[in-house]
Amino acid sequence: MYRLSVSRDFVAQHFLTVPNPGPEGEVHSHHFEVAVRLAGPELNEYGYLVDIDAVNAALDELEARYRDALLNDLPEFEGENPSVERFARLFGDRFVERVPTEMPTELTVRMWEDEDAWASHERAL
């Protein structure tokens, strides 16, 4: 199995919408780090699992979307608690719309909300 991982970091804000969220119910910032990992059993004719330039372009676009944003105000979080788990899945949804997925068969998005806590979402492609 081949694996390719690329990461980005950015600051974004959110507030939790669960009952009794404590201080997390107020708008606050996180220094998010996201790593996307693609995996697959074969390489293409050029020896790539996926072109890293395409991965970087997709991550640049997504970083620009989320950097300094209040996640709660974005349409993808409408009516949803903007947890780090949900953010990892939604980031992956947008990532696969932007990257060729002919060769990779798996995607894992790992999202850190600080240096100690992360969540991930995995999917078959």
Side-chain angles (χ1 to χ4, degrees):
M1 185 71 73
Y2 296 96
R3 298 185 195 290
L4 173 74
S5 183
V6 181
S7 62
R8 287 290 188 285
D9 67 291
F10 53 90
V11 174
Q13 296 78 42
H14 73 162
F15 59 91
L16 300 184
T17 59
V18 297
N20 304 312
E24 296 286 314
E26 300 295 322
V27 174
H28 60 281
S29 297
H30 286 288
H31 185 151
F32 289 101
E33 181 176 349
V34 61
V36 295
R37 185 183 75 181
L38 296 147
E42 297 179 29
L43 301 178
N44 69 15
E45 63 185 302
Y46 305 110
Y48 297 152
L49 180 63
V50 63
D51 185 341
I52 200 165
D53 289 338
V55 173
N56 280 320
L59 290 177
D60 288 347
E61 194 176 321
L62 291 169
E63 178 186 350
R65 175 173 181 73
Y66 294 115
R67 179 178 297 283
D68 299 322
L70 177 59
L71 300 179
N72 302 67
D73 288 346
L74 297 175
E76 57 263 39
F77 288 99
E78 186 175 342
E80 302 289 350
N81 185 45
S83 65
V84 68
E85 296 92 339
R86 181 164 283 125
F87 194 10
R89 181 183 55 80
L90 292 171
F91 195 97
D93 292 347
R94 276 147 188 80
F95 180 78
V96 297
E97 292 170 357
R98 291 164 171 80
V99 172
T101 56
E102 294 82 31
M103 298 309 293
T105 58
E106 300 172 11
L107 170 68
T108 301
V109 175
R110 184 178 286 188
M111 178 86 59
W112 286 262
E113 70 174 16
D114 60 33
E115 60 190 36
D116 299 320
W118 60 266
S120 67
H121 184 263
E122 299 177 14
R123 70 181 76 199
L125 297 175

Taking the side chain as every heavy atom from C-beta outward, state whether T105 and L38 have any pair of such atoms under 4.5 Å apart. no
Rounded to the nearest 0.5 Å, what's the gap from CG on D93 to CZ on R98? Could you check? 10.5 Å
So, for V99 and A58, which heavy atoms are closest and what is the spacing to 0.1 Å? CG2-CB, 3.4 Å
Applying side-chain contact (heavy atoms from CB on, under 4.5 Å) to L43 and Y48, what does each step give before you reach the verdict? CA-CA 5 Å; L43 301 178; Y48 297 152; 5.9 Å; no
How far does NE2 of H14 sit from CG of N72, to the nearest 0.5 angstrom? 7.5 Å
Nearest heavy-atom approach of A69 to L74 is CB-CD1, 4.3 Å
Tell me whether the count of non-hydrogen atoms from other residues, nucleotides or ligands lying under 6.0 Å of CG in D68 goes above 12. yes
Does a side-chain heavy-atom distance below 4.5 Å link H121 with L90? no
Please answer: with hydrophobic residues joined when any side-chain heavy atoms are less than 4.5 Å apart, are L107 and W118 in the same cluster? no
Minimum heavy-atom distance between N44 and Y46, given as atom pair plus value: OD1-N, 2.8 Å
Straight-line distance of S7 OG to M111 CE, nearest 0.5 Å: 11.5 Å
Greater than 12 external heavy atoms within 6.0 Å of F10's CZ: yes
Do V96 and V109 share a hydrophobic cluster, counting only Ile, Leu, Val, Met, Phe, Trp and Tyr and linking them when any side-chain heavy atoms are less than 4.5 Å apart? yes
How far apart are the closest heavy atoms of A39 and R3, and which atoms are they? CB-NH1, 3.2 Å
N56 side chain near V6 side chain, heavy-atom distance below 4.5 Å: yes
Are side-chain N/O atoms of D114 and H30 paired as donor and acceptor at under 3.5 Å? no
Taking it one step at a time, do E33 and R8 satisfy salt bridge (charged side-chain N to carboxylate O under 4.0 Å, His left out)? CA-CA 6 Å; E33 181 176 349; R8 287 290 188 285; over 6 Å; no
R123 (side chain) donor-acceptor with R89 (main chain) under 3.5 angstrom: yes
I'd like to know if the side chain of R86 and the backbone of N81 have a donor-acceptor N/O pair within less than 3.5 Å. yes
Would you say E115 and H31 make side-chain contact, with heavy atoms under 4.5 Å? no
Judged by atom type as modelled, is there a donor-acceptor pair below 3.5 Å linking the side chain of R110 to the main-chain atoms of A88? no
side-chain contact (heavy atoms from CB on, under 4.5 Å) for V11 and Y66? Distances and angles first, verdict last. CA-CA 8 Å; V11 174; Y66 294 115; over 6 Å; no
Side chains of W112 and V34: closer than 4.5 Å at any heavy-atom pair? no
Would you say E42 has more than 12 foreign heavy atoms packed within less than 6.0 Å of its CD? no
Quick check: do L71 and F32 have side-chain heavy atoms less than 4.5 Å from each other? yes
If you apply the rule salt bridge (charged side-chain N to carboxylate O under 4.0 Å, His left out), what do you find for E76 with R65, and how did you get there? CA-CA 12 Å; E76 57 263 39; R65 175 173 181 73; 2.5 Å; yes
For a 4.5 angstrom cut-off between non-hydrogen side-chain atoms, does V55 reach V50? yes
For residues S5 and A35, report the shortest heavy-atom separation together with the two atoms involved. OG-CB, 4.1 Å
To the nearest 0.5 Å, what is the distance between CG on L16 and NE2 on H28? 5.5 Å
Non-hydrogen atoms of Y2 and L49 that approach each other most closely: O-CD2, 3.7 Å
How are the rings of F91 and F87 set to each other: parallel, tilted or perpendicular (split at 30° and 60°)? perpendicular
Verify same cluster id: V84, L70 (apolar side-chain graph, 4.5 Å): no
